[in-house]
Every structure is written in structure tokens, then in C-alpha cells.
Amino acid sequence: MRIRVIGAGVAGLTAALELAERGAMVEVIDRGPHLGAAACSWYAGGMLAPWCERESADPVVAELGHRAIDWWLRRFPGTTRKGTLVVAQPRDVGDLAHFARRTERFDWVDGARIAEIEPDLKGRFHKGLFFADEAHLDPRSALTALAARLTELGVSLRFGAEAPIGDNSVDRIIDCRGFAGQGNLPDLRGVKGEMLLVRTREIFLQRPVRLLHPRIPLYIVPRANGLFMIGATMIESSDRGRVTVRSAVELLNGAYSVHPAFGEAEIIEFGADVRPAFPDNLPAIRESGRTISFNGLYRHGFLLAPAFATWVADAVFHP
Amino acid sequence: MLLYDVELASPLMLGTAQYPSPAILAAAVQASGAEVVTVSLRREAGGTQAGQAFWSIIRDLGTRVLPNTAGCRTVKEAVTTAHMAREMFGTPWVKLELIGEEDTLQPDVFGLVDAARILTEEGFQVFPYTTEDLVVAERLLAAGCRVLMPWGAPIGSGRGLNNVLGLRMLRAHFPDVALVVDAGIGLPSHAAAAMELGFDAVLLNTAVAKAGDPVGMAKAFALAVEAGRLARHAIPMEPREIASPSTPVLGRAMLT
């Protein structure tokens, strides 16, 4: 079975790995010049937070998402399972109760417990929710690890390449182009997200911290070497690669209000890309002739790609 | 109910932001019976092309669209956004929102009157998001508005009708102007209360969009506005300070 996967984002690489592990001859091609250059997953938060996501997502996201934690723990050793801490400013503390009513698998925590969980947040928040079973990873390291594993399995990854049209040298094509695949998927839309990376050694966090905020789902995810990812806006727009001052101000203010040490942090990167989404904001696998399209991961790329990648492989091997 | 000569059966208008997904938004609008939805033309969407996909979902809802200028802070910004809205949705309607203060998101009523005048002269039919202030209301009407949209409480606060007396006076003062309570509605009972006060309609967003079950909540609001409207037309009793027996006392059996 010869399979070509188009797109080396989290959808393409997870699908390629599931297929290669089941013995298919897989090649991956991507139009970007290198890994991550043309993938919105590169800008993801990397939170494996199925229970927090219940706040606004369909129940199926939690059901499928919790399996993703094991999938990533098995395949990417950098996956960290230390939970998620959700906090709110005193004026938004009512939002914590609402968040709690809509989610599951958490404990209410007070100031003393927050200080035990994240010592650097001591005295800053008096109430929060701790989702102990959730996990997180650095998407860039995770994609790099998947690419390396694929290479070990004999999969060729070609960057800076366009998919040949009308090429019959492969049995199946897995189209994982994200928003770039919109031409074949008229109900796919873009939801813009903006994020930033900062570096500081003045604060240490072990797990993602979500700050409930009236306008944006704001979170801070710790990464190696003092890096923190701060995300992410959600704007109904297909405008790629442009960060507005307004979004930057909101994200920076949010981080600063979690801890003033972020005021002294170095800004490493501002990033923006477009999440591909279907009208129900859930991913979909669609077959058309030889081509299987796997798209619409929305804000749940790392959380939902493993389950859907399994189904892509099922569709190939048990049509 | 007449809004700028358009007859509408439902007194409920819904905002389109913050829903879990466009599919749930569509189902909620359907369940609410709303004939008007409002949509923000946020400029950070990045030009008119970039936001097309979402706006076409809005157009496909099959309701009338009331574009709004949410997030605008200056007269110039609001006027520019209104122009963009007219081009995008082909409607002269615009919900004019000019934010004057960050914490309460209360309207800048001075800029609001200026922007309403400019837009009315350009042929727009302006729905101004205002406070319950009577003098501001007079100025908005003088500027050409034929609908007023006073707040119930700050946007997104869900506190209901903060100043019932003020809203009642506004209704009494302008018996022939279409009045819509916009912002601050958190519960169906708040919407029913606004209808009982004699308001023509209510406009809300967060209460439905952020509910655990937006579709169920949309239905609850549909029933609530209907209840409030029926109650208003049925002429409610006046409250009294002491009990008044609902069964006649005269002729009651004397068990001594």
C-alpha cells in the first residue's frame, strides 16, 4: 500500500505515523520550506486539556481527547502530565464557578493549595480549579519528534514540494492541508489565532495556567529554557500571519496580570496563523475516490489528531 | 413590532458572538425564533475578505442582519465600520456602539449622538446603543434615530435591568418610539421583565452563547419574551402594600 500524505502539520504527521506503524509505504510532502513553516500547529499551545475544553467544546472532544494524552506519552517523551491550573482575577471570580459547572475532573483549590502547586503564584490568586489529569507538550518539539520517528520508519518527508496532480503512483492520498485545503472543502473556514513567546527566568511554572478572561481564552504554557507560550486569540478570520496591536496588548496584559515577572520578560516571537474549522468546530474525515481528507482540527490539533489519525488508518486498511 | 418600517413578529434579537460553534449558533437562532441577528464587523478580522466565511454563515441564517460597530471607540471608527457593514450586508441598518469606558463598556453618549447624526444624514437607519438617560434619548431622536437601544446593565454582565425606574420613565416619555433593551440580560426572567415594562424588544448575546446549552437557553428566552409581551397586553394588576384576599370573605362559614 503506497500512501502520500499532503501536509506536515499535526494532522499529516499523526496520520502518517499511524499508517507507517501499520506497515504502509508512506511519503509526506509539504509546501513549506521546512517543518512547521506552513503548519498552524507550529503556533499551537500544546495543551492536552480535554476536561478544560469541555467549557466550550462538544463532549466528544473530552471523550477522544483523554486518549490523546496516552498517545503522546507513548510517542513523545517530552509530554508532561502535571495538570492544568485555572485561575481568575477577583473581579472575574464568578467565571470560575461557571467554568466549574461546565467542566469535570478538577478540584477547587484555595490560595494555600495554589501556592503548593505553583509556588511562584503564591499570594496572587485565592481561588482556582486544578485539573490534575491533564497534560501538555511543546508542539514544535513534538512535531520534530514525530518527523524523526517517521524517518526511522522509512517514511520520506519532502518540504518545499507541491502535490503532483493526476499522479497514479500512489494508492491513496491523505489530504491534511489544513486551511490551505479549503478549495476542496467549501464549508471549511479559518479562525485566526495569535500567540507570543517570551523568555524569563524570574518565574517558573510547571504546567499550563489558564486565566479566565472575558474576551479571550488566555493561557500561559511553560516550555524548556525559560520560554513561555502565551495564547491565544480566536477571531473569525482567515487573515494569516498578522498580529494586531490590540491582540498583543490583550495577551501581554493577561500574562502580566498572572505575574508581574512577565513584565520583564523578553519577547521572543509574535505568531499568528489560521485554524481550519468546520461549522461544528469538530474535525472530519471525508473520502472522495482515492483521496481521504482529514481536516478541521480547529483549536484541538494535538488533542484530537491521534484519535482521528487512527480512523484515517482504519479507512485505508479496512475500507 | 416595527423597526424602521420593518414588521417583525419576534421581539427577540440575538448576537452572534462567542458560541461554541457556528452550527450551535445556527441551531440557537432557529430555536429562539429571532428574526434579527446582530453581527460585529470587528476590524481586527483584517479587511473584508478575511472574515467572509463567518459572515456568509450569518447571511445563511435566513434572518435580517443588524451589523454592529462593537469595539469602536471613536466617531470616525464607528462611521468607517458602518460603511463597511453596509457594503458587506447590503442593509441600511446599523447598531451603533461607541464604547466610552473600558470597565463598564458604557456608551460614549456624546460621540454616539455625533455619529448617529452623521450616519442618519448618509441614509443609515441607526439603532443606537445608549443608556436610559432621557436627555441623551432626546438628542438621539433629534439626530434622526427612530429606534433606541438602552442598556439593561453593562455588556456581558448578565445583571438584568439595573435601573428599572429609569427604563420605565424612558418608556413613558417616548410611547411611540421603538425601544429595545440591549445588553445586560442574563436570564429569561430579565427579558420577560423588559417586555412587561412595555419595551418592544430585547437584544442579547452572552446569556445564550455562553450557556451550557445555548439551544435550550434560546428556547427559554423565546418563551420568556412571549410571556412578557402577553402579560403587558393583558394589563397586569398593580401591586398593593397589604394582602387582599382572593376569595370573598363575606358569606364564609363561621365555625365558632
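Per chain, numbering begins at 1; letters A, B, ... match sequence-line order.
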Chemist: Please round to the nearest 0.5 Å and tell me the distance separating atom CG of N281(A) and atom CD1 of I24(B).
Modeler: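 N281(A) CG to I24(B) CD1: 8.0 Å, rounded to 0.5 Å.
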Chemist: Which atom pair, heavy atoms only, marks the closest approach of P22(B) to P279(A)?
Modeler: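 Taking every non-hydrogen atom into account, CD-O, 2.9 Å.
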Chemist: For chain B, which candidate among R240(A), E55(A), R91(A) shows the most heavy-atom pairs at distances under 4.5 Å?
Modeler: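 Heavy-atom pairs under 4.5 Å are most numerous for R91(A).
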Chemist: Which atoms form the tightest heavy-atom contact between A53(B) and R189(A), and what is the distance?
Modeler: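 Heavy atoms of A53(B) and R189(A) come nearest at CB-CB, 3.4 Å.
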Chemist: Pull out the residues in residues 151-163 of chain B that come under 4.5 Å of chain A, heavy atom to heavy atom, sorted by number.
Modeler: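 Listed by number, there are no contacting residues, so the answer is none.
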Chemist: Measuring heavy-atom distances to chain A, does A209(B) have an atom under 4.5 Å in its side chain, in its backbone, in both, or in neither?
Modeler: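 A209(B) has no heavy atom closer than 4.5 Å to chain A.
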Chemist: In terms of heavy-atom contacts, does CZ of F110(B) have more than 12 from other residues, nucleotides or ligands at under 6.0 Å?
Modeler: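 Not more than 12 within 6.0 Å, no.
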Chemist: Side chains of residues 175-187 of chain A: which donor-acceptor pairs under 3.5 Å do they make with residues two or more places apart or in other chains?
Modeler:
| unit_1 | atom_1 | unit_2 | atom_2 | d |
| --- | --- | --- | --- | --- |
| D175(A) | OD1 | R177(A) | N | 3.2 |
| D175(A) | OD1 | R177(A) | NE | 3.0 |
| D175(A) | OD2 | R177(A) | NE | 3.3 |
| D175(A) | OD2 | R177(A) | NH2 | 2.9 |
| Q182(A) | NE2 | L188(A) | O | 3.3 |
| D187(A) | OD1 | R286(A) | NH1 | 3.1 |
| D187(A) | OD2 | R286(A) | NH2 | 2.9 |

Chemist: On a heavy-atom basis, which atom in S56(A) and which in P20(B) lie closest, and how many Å separate them?
Modeler: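 Minimum heavy-atom contact is O-CB, 3.1 Å.
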Chemist: Answer yes or no: does atom CD of E226(B) have more than 12 heavy-atom neighbours from other residues, nucleotides or ligands under 6.0 Å?
Modeler: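 Counting other residues, nucleotides and ligands, CD of E226(B) exceeds 12 neighbours.
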Chemist: Taking it one step at a time, do I57(B) and E236(A) satisfy side chain to side chain contact (heavy atoms under 4.5 Å, CB included)?
Modeler: CA-CA 11 Å; I57(B) 288 169; E236(A) 289 286 348; 5.9 Å; no
Chemist: Under a 4.5 Å heavy-atom cutoff, which of A17(B), S56(B), A26(B), G212(B) has the most pairs with chain A?
Modeler: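 Among A17(B), S56(B), A26(B), G212(B), the one with the most close pairs to chain A is G212(B).
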Chemist: In terms of heavy-atom contacts, does OH of Y256(A) have more than 12 from other residues, nucleotides or ligands at under 6.0 Å?
Modeler: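 Counting neighbours around OH of Y256(A), 12 or fewer heavy atoms of other residues, nucleotides or ligands fall under 6.0 Å, so no.
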Chemist: Can you tell which part of R101(A) gets under 4.5 Å to a heavy atom of chain B, answering side chain, backbone, both or neither?
Modeler: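 Neither part.
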Chemist: List for me each residue that meets ring-ring contact (aromatic ring centres under 6.0 Å, His included) alongside H83(B), sequence neighbours excluded, and say none if there are none.
Modeler: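 Per chain and number, H83(B) pairs via ring-ring contact (aromatic ring centres under 6.0 Å, His included) with F124(B).
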Chemist: Checking H190(B) now: which residues fulfil side-chain contact (heavy atoms from CB on, under 4.5 Å) with it, not counting sequence neighbours?
Modeler: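 I185(B), L187(B).
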Chemist: Taking all heavy atoms of H98(A) and all of K210(B), pick out the closest pair and write down the distance.
Modeler: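 Taking H98(A) first and K210(B) second, the nearest heavy atoms are NE2-O, 2.8 Å.
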